[in-house]
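Here the structure comes first, spelled out in structure tokens, and everything after it is commentary.
Sequence lines set the chain letters: A, B, ... in the order given, protein chains first and strands last, and positions in each chain run from 1.
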Number of protein chains: 2
Amino acid sequence: MTRRDIPDATVARLPVYLRALHPLVTAGVEVVSSEELATIAGVRSAGLRKDLSYLGSYGVRGVGYDVERLASEITRQLGLQHPWSVAIIGMGNLGHALAAYSGFATRGFRVQWLVDRDPAVVGTEIAGMRVVDFEQFAATVTEQVIAVISTPPVAAQEVADAVVELGVRSILNFAPGVLSVPSHTQVRKVDLATELQILAFHEQRGKDDARIATDGIEASG
Amino acid sequence: MTRRDIPDATVARLPVYLRALHPLVTAGVEVVSSEELATIAGVRSAGLRKDLSYLGSYGVRGVGYDVERLASEITRQLGLQHPWSVAIIGMGNLGHALAAYSGFATRGFRVQWLVDRDPAVVGTEIAGMRVVDFEQFAATVTEQVIAVISTPPVAAQEVADAVVELGVRSILNFAPGVLSVPSHTQVRKVDLATELQILAFHEQRGKDDARIATDGIEASG
DNA sequence: AAGACTTTGTGAAGGCATGCACAAAATCGC
DNA sequence: GCGATTTTGTGCATGCCTTCACAAAGTCTT
């Protein structure tokens with residue numbers, strides 16, 4: 001059982017497990033069963049066990065998983081031992097909210113740059129950080145950085161090209177529309193209106209179906 | 001070919017196609033081939049054709065798809081002929097940004113309620129709308145409504161219970177963590193930190209893989 | 001009117017993910 | 001110590017989604 005090739009579906013769930021583990025770690029719980037953790041995470045226990053098996057064998061039969069060890073193993077696998085630097089580009093409403101979002105810091109990320117091209121915004125302070133223009137950003141980037149694009153749609157491609165040019169290989173894109181990037185660059189997209197439209201479809205169909213989970217995150221009550 | 005049971009994966013892409021069609025409609029383009037539209041939407045043409053085939057036969061062989069007809073058909077299928085009412089609950093940074101987000105209005109949604117429980121926030125105006133408390137919201141809801149939960153994590157479950165009680169059957173949840181809802185209620189989740197963590201995993205693995213698409217939205221350039 | 005050309009719609013195949021069911025492995029009680 | 005009990009790890013079956021490849025169906029040219 002090599003630790004290479006973890007299925008994409010599993011990778012997408014590891015953050016969920018990590019999050020589910022966090023309160024247990026804090027509460028000092030030492031051991032958790034796949035059944036319990038699956039309930040917290042909103043998945044099936046068999047799937048959880050299979051997912052964890054890709055990381056190696058970190059459970060004890062008849063007992064369960066060592067909470068702390070499992071959390072640290074997932075953290076390691078996700079590459080979150082050291083925080084990642086994040087640049088938020090586009091300081092509109094959304095960029096503003098993202099800059100102030102505390103969830104990044106608590107989950108392994110450090111927002112290091114707030115970038116905008118509007119001279120009226122550059123130099124102002126948002127959530128305790130000074131907004132810089134793209135040139136200043138480009139001049140100060142040294143390490144690996146994840147770019148978050150929260151510009152208006154028309155500017156998104158241009159920004160993507162520019163950050164790729166800087167060596168960025170991971171982009172989280174909030175602007176609707178498709179980004180063209182080189183093959184070595186990964187893009188994840190969050191489109192709020194799309195999410196609502198999917199909900200609308202099912203709500204309209206209504207009655208028959210329902211309970212469709214995005215990532216298998218939801219549990220019934 | 002009944003028009004029931006459209007696969008989930010297809011439903012999730014219909015909004016993308018609709019968005020890709022929009023500029024074509026605006027530009028007055030009359031016909032588009034699956035190849036062209038697939039490029040715009042960032043998918044493969046074969047998959048696009050299969051997806052569209054679930055809606056019925058709206059293309060003409062040797063020609064392509066009538067842009068306007070296709071757009072209106074997808075709009076109809078998604079249930080977007082009439083705008084849906086949306087309530088944003090939790091007027092923190094994110095709720096604030098969502099309230100001001102223009103993308104909802106242009107894509108079939110009308111934000112009708114901004115809800116918060118902080119008395120200091122209730123009554124204030126955000127993006128031209130007055131913030132109400134939950135009681136006022138509950139008292140004025142009549143029609144179908146989609147609830148967007150942008151509260152802190154600890155309040156999310158409580159809010160979910162409350163809106164379900166009001167008859168809401170569709171929830172878009174920005175709060176990390178699992179929501180327990182009755183089986184007739186659908187929840188979609190957007191977790192920003194999770195998205196970054198997935199990026200971090202691939203960036204760390206680096207080199208070998210990359211170009212992993214969230215929804216198959218990205219195109220290479 | 002017929003043949004060349006284009007593009008859709010779809011059957012079939014392959015790959016991936018999920019869920020089941022159970023053997024393997026550990027603890028606990030006596 | 002040994003059998004009962006618990007819980008993991010995983011082989012297998014099932015179902016879903018994607019991709020391929022091509023026949024069907026239309027347009028265009030001559």
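Across all strands shown, A/Arg44 has heavy atoms under 4.0 Å from sugar-phosphate atoms exclusively, and none from any base. Within the nucleic acid shown, A/Ser57 comes within 4.0 Å of sugar-phosphate atoms alone, with no base atom in reach, counting heavy atoms only. Heavy atoms of A/Gly47 sit nowhere under 4.0 angstrom from any nucleic acid atom.
In the set D/dT18, C/dT8, C/dA23, the nucleotide with an atom closest to the side chain of B/Ser33 is C/dT8. Out of D/dT8, D/dA23, D/dA21, the shortest distance to the side chain of B/Ala46 is found at D/dA21. Across D/dA23, C/dA12, C/dA21, the shortest atom-to-atom separation from the side chain of A/Arg49 is found for C/dA21. Closest contact between the side chain of A/Val60 and the listed nucleotides C/dA26, D/dC12, C/dG9 involves C/dA26. The nucleotide whose nearest atom lies closest to any side-chain atom of A/Ala9 is, among C/dA17, D/dT18, D/dG26, C/dA17.
Rounded to an integer number of Å, the gap from CG of A/Leu70 to C1' of D/dT7 is 15 Å. We find that CG of A/Leu52 is positioned 16 Å from P of D/dT7, with the value rounded to whole Å. Atom OH of B/Tyr58 is separated from atom P of D/dA25 by 19 Å (rounded to the nearest Å). Counting to the nearest Å, the P atom of C/dT10 and the CG atom of B/Leu48 are 14 Å from each other. Between the CZ atom of A/Arg13 and the C1' atom of C/dG19 there is a distance of 12 Å, rounded to whole Å. Put simply, CG on B/Asp66 is 16 Å from P on C/dT7, counting in whole angstrom units. Atom P of nucleotide C/dG19 and atom CD of A/Glu35 are separated by 13 Å, given to the nearest angstrom. With rounding to whole Å, A/Tyr65 atom OH is found 12 Å from D/dT7 atom P.
Residues A/Val164 and A/Pro182 form a side-chain contact, since some pair of their non-hydrogen atoms from C-beta on lies under 4.5 Å apart. The shortest side-chain heavy-atom distance between B/His96 and B/Met91 does not fall under the 4.5 Å cut-off. Using a 4.5 Å cut-off on side-chain heavy atoms (C-beta onward), A/Tyr17 and A/Ile40 make no contact.
At a cut-off of 3.5 angstrom, counting only N and O atoms as typed in the model, there is no donor on one side facing an acceptor on the other between the side-chain of B/Arg61 and the base of C/dT7.
Look at B/Arg107 and A/Asp191 and you find a salt bridge, because one of the NZ, NE, NH1 or NH2 atoms lies within 4.0 Å of a carboxylate O, short of that distance. The pair A/Arg44-A/Glu35 fails the salt-bridge criterion, with no side-chain N (NZ, NE, NH1 or NH2) lying under 4.0 Å from an Asp/Glu carboxylate O.
Two residues, B/Lys50 and B/Gly59, neighbour DNA chain C, and the one matched to the more 5' nucleotide by heavy-atom proximity is B/Gly59. The residue among A/Gly62 and A/Thr10 whose nearest nucleotide of DNA chain C lies closer to the 5′ end is A/Thr10.
In the region residues 17-29 of chain B, proximity to DNA chain C at under 4.0 angstrom, judged on heavy atoms, holds for none of the residues.
To the nearest 0.5 Å, atoms CG (B/Asn93) and OG (A/Ser102) are separated by 8.5 Å.
Within the 4.0 Å cut-off from OP1 or OP2 of D/dT8, at least one side-chain nitrogen or oxygen of A/Ser34 is found.
Here the side chain of B/Ser45 pairs no donor or acceptor atom with the backbone of B/Ser34 at under 3.5 angstrom.
With B/Val111 as the partner, the side chain to side chain contact (heavy atoms under 4.5 Å, CB included) test is satisfied by one option alone out of B/Leu98, B/Val148, B/Ile88: B/Ile88.
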